[in-house]
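All values below come from the heavy atoms of this structure, side chains included, with hydrogens, waters and symmetry mates left out.
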Amino acid sequence: MLNVRIKGLLKSMEVDAIFLKKWENVRWASGFRGADSYLLCSNEQAFLITDPRYTEQAAVECPEMTIVNWKQRGSIARAAADITNELNIRRLAFEDDAVPYRLYADLCAETGCELFPAGNNVDRLRMVKTQEEIDCLSEACAIACRAFYRIIDDIRPGVTEKELAARLSTYMVFEGADSQQSGFMVVSGPNSSMLHGISSDRPLEYGDLVLMDYGCRFNGYISDMTRTVVLGCATDEQRKVYSLVRQMLEDSLAVMKAGVKTEEVYTAAVGCIKDTDYFKYHYTGMGHGVGLFVHEQPLITPKGSSIYEPNIVTTIEPGLYIPGWGGIRIEDQVVIKDDGNENLISVPHGMIEVPQRI
């Protein structure tokens, strides 16, 4: 069945149809989980364009859509042209932030349509989640939390960041995640100050901060959480920084509800550090929407103008990152409600000191 929100977008943009390329938007609008897929939607019909590797899968997952094998037509643009000619489409929107120039040029030449950039309009449609989507996101978060309690037992001196990352990925699959994981990182010691560091061959040492920013997919929907633990006994400085980050997180959660601007969440987060020497070590990106893609709208920033609506799912992830010393981040994933939020991450916020093991 054609997504009703797509119909509304066509009307508001005053176009006859839209051509989607982004995997997450094709997945959201069609239900198709495979690769090499494009979706062309008019007001009345939807055509899933893919190649012979996926036509059988597409027919099963999208029974109400017309499946088009673009290789039989010669090219993706030719397949799109056959559809636009059949339906007498003249005004075609397209994802200008995803369609490469060569495909754009071919669409112009083959279809003869007037093309209109769709901007991030489809991405914005996905911001507010259905209950079915929230259920999938909730299960993805539950899987990630169960994996956290399993990985704790593997944190010990001598284990490398790469090894921990591999085990964490495996645990999530064992707990029920899709086999294709979303990106994540495990970094330790001085490496933990790099916001998006890459897990390395560095072996863990006693006294390290171990920062795990990770998640999984469940039915395509993504969890995104971060916990930072200490291998052994925490120092006074580690306790102090951790306490500040925890307060940043909990002060943010206290204001997150429908009707609140995202900049207000940022303001709440930095309230406890703005007059301290640690303010310069925070990162202004405090969170983001999450769904089929890990970094969706709305964004939590100092000038974030988006206003939360019920059933938006978002992360909140304050942190302090001190070069040469390390970093601490705590990240939760919540569902926005009229009167507050529902936290989908069940792992507590308190500092965890992992006993040293031989």
Side-chain angles (χ1 to χ4, degrees), residues 137 140-178 181-218 222-232 234 238-239 241-243 245-246 248-249 283 285-288 290 294-295 315-322 325-334 343-357:
L137 289 162
C141 289
I143 289 168
C145 290
R146 294 197 296 269
F148 175 81
Y149 290 113
R150 296 182 69 161
I151 199 66
I152 286 294
D153 290 335
D154 295 327
I155 296 176
R156 64 187 69 215
V159 176
T160 68
E161 295 172 352
K162 282 184 178 179
E163 184 177 354
L164 281 179
R167 291 184 181 186
L168 189 52
S169 177
T170 301
Y171 290 152
M172 286 188 286
V173 175
F174 286 168
E175 292 291 341
D178 298 349
Q181 299 299 308
S182 61
F184 61 89
M185 69 179 196
V186 175
V187 287
S188 62
N191 292 346
S192 60
S193 66
M194 293 183 279
L195 275 76
H196 273 208
I198 298 173
S199 300
S200 72
D201 291 320
R202 180 186 185 275
L204 271 58
E205 300 175 5
Y206 187 68
D208 276 349
L209 292 166
V210 183
L211 189 154
M212 295 170 284
D213 183 342
Y214 69 99
C216 67
R217 291 184 182 272
F218 179 79
I222 294 172
S223 59
D224 189 11
M225 64 176 283
T226 307
R227 288 297 185 268
T228 307
V229 304
V230 179
L231 176 50
Q238 288 172 335
R239 292 180 187 279
V241 176
Y242 192 98
S243 178
V245 173
R246 178 177 179 176
M248 292 171 73
L249 175 70
Y283 177 63
M286 290 285 184
H288 52 83
V290 61
V294 70
H295 292 132
T315 68
I316 175 64
E317 48 183 303
L320 295 172
Y321 313 95
I322 305 171
W325 180 83
I328 294 173
R329 176 163 67 248
I330 313 173
E331 178 182 15
D332 284 346
Q333 186 168 324
V334 305
N343 200 329
L344 301 180
I345 303 299
S346 61
V347 178
H349 298 153
M351 172 177 274
I352 295 176
E353 296 170 291
V354 182
Q356 186 177 21
R357 301 179 181 90

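A side-chain donor-acceptor contact under 3.5 Å links Glu161 to the backbone of Ser188. A donor-acceptor pair under 3.5 Å is formed between the side chain of Thr228 and the backbone N or O of Arg329. Checking side-chain atoms of Gln333 against main-chain N and O of Asp224 turns up a donor-acceptor pair under 3.5 Å. In terms of modelled atom types and a separation under 3.5 Å, the side chain of Glu353 and the main chain of Ala234 share a donor-acceptor contact. Listed for the Tyr206 side chain is no donor-acceptor partner under 3.5 Å among the backbone atoms of Pro157. Remark: the backbone N or O of Ala166 is paired with a side-chain donor or acceptor of Thr170 at under 3.5 angstrom. Ser223 contributes a side-chain N or O that, together with a main-chain N or O of Cys216, makes up a donor-acceptor pair within less than 3.5 Å.
When the ring-ring contact (aromatic ring centres under 6.0 Å, His included) test is applied to His349, no partner is found at least two apart in sequence or on another chain. With sequence neighbours left out, the side-chain hydrogen bond (donor to acceptor under 3.5 Å, both in side chains) criterion links Thr160 to no other residue.
The structure places OG of Ser192 at 11.5 Å from CE of Met212, a figure rounded to the nearest 0.5 Å. Taking OG of Ser243 as the reference point, atom CE of Met351 lies at 8.5 Å (rounded to 0.5 Å). Rounded to the nearest 0.5 angstrom, Arg217 CZ and Asp178 CG are separated by 7.5 Å. Note that the CD1 atom of Ile152 and the CD1 atom of Ile352 stand 5.0 Å from one another [nearest 0.5 Å]. To the nearest 0.5 Å, atoms CD1 (Ile316) and CE (Met286) are separated by 7.0 Å. Atom CE of Met185 and atom CG of Leu168 lie 12.0 Å apart (nearest 0.5 Å).
In this structure, Met225 and Cys141 have side chains that are not in contact, with every pair of non-hydrogen atoms separated by 4.5 Å or more. Within the 4.5 Å cutoff, the side chain of Phe218 has no heavy atoms near those of the Met172 side chain. You'll find the side chain of Arg167 reaches within 4.5 Å of the side chain of Ile151, heavy atoms only. Two residues are said to be in side-chain contact when any heavy atoms from C-beta on lie closer than 4.5 Å; Asp332 and Leu249 meet this criterion. Side-chain contact between Val354 and Val210 is absent, with no heavy atoms from C-beta onward closer than 4.5 Å. A 4.5 Å side-chain heavy-atom check between Ile328 and Leu320 finds every atom pair outside the cut-off. Phe148 places a side-chain heavy atom less than 4.5 Å from the side chain of Val229. Counting heavy atoms from C-beta on, the side chains of Ser200 and Asn191 come closer than 4.5 Å.
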Intermediate values then yes/no, side-chain contact (heavy atoms from CB on, under 4.5 Å), Asp201 and Lys162:
CA-CA 6 Å; Asp201 291 320; Lys162 282 184 178 179; 3.2 Å; yes

Chi angles and distances behind the side-chain contact (heavy atoms from CB on, under 4.5 Å) call for Val334, Leu344:
CA-CA 5 Å; Val334 305; Leu344 301 180; over 6 Å; no

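Of all heavy-atom pairs between Ile143 and Ala177, the closest is CD1-N, 3.6 Å. The two residues Gln238 and Gly207 come nearest to each other via the heavy atoms NE2-O, 3.0 Å. Minimum heavy-atom separation, Ile330 to Arg227: CG2-NH1, 3.4 Å. Closest approach of Trp325 and Val241 over heavy atoms only: CH2-CG2, 3.8 Å. In terms of heavy atoms, Arg202 sits closest to Asp208 at NH1-OD2, 2.7 Å. Ile222 and Ala140 get closest at one heavy-atom pair: C-CB, 4.1 Å.
Remark: the Arg146 side chain and the Tyr171 side chain contain no N/O donor-acceptor pair separated by less than 3.5 Å.
Ring-plane geometry between His288 and His295 is classed as perpendicular, the angle between the planes exceeding 60 degrees on a 0 to 90 degree scale with a lower cut at 30.
Heavy atoms from other residues, nucleotides or ligands lying under 6.0 Å from OH of Tyr149 number more than 12.
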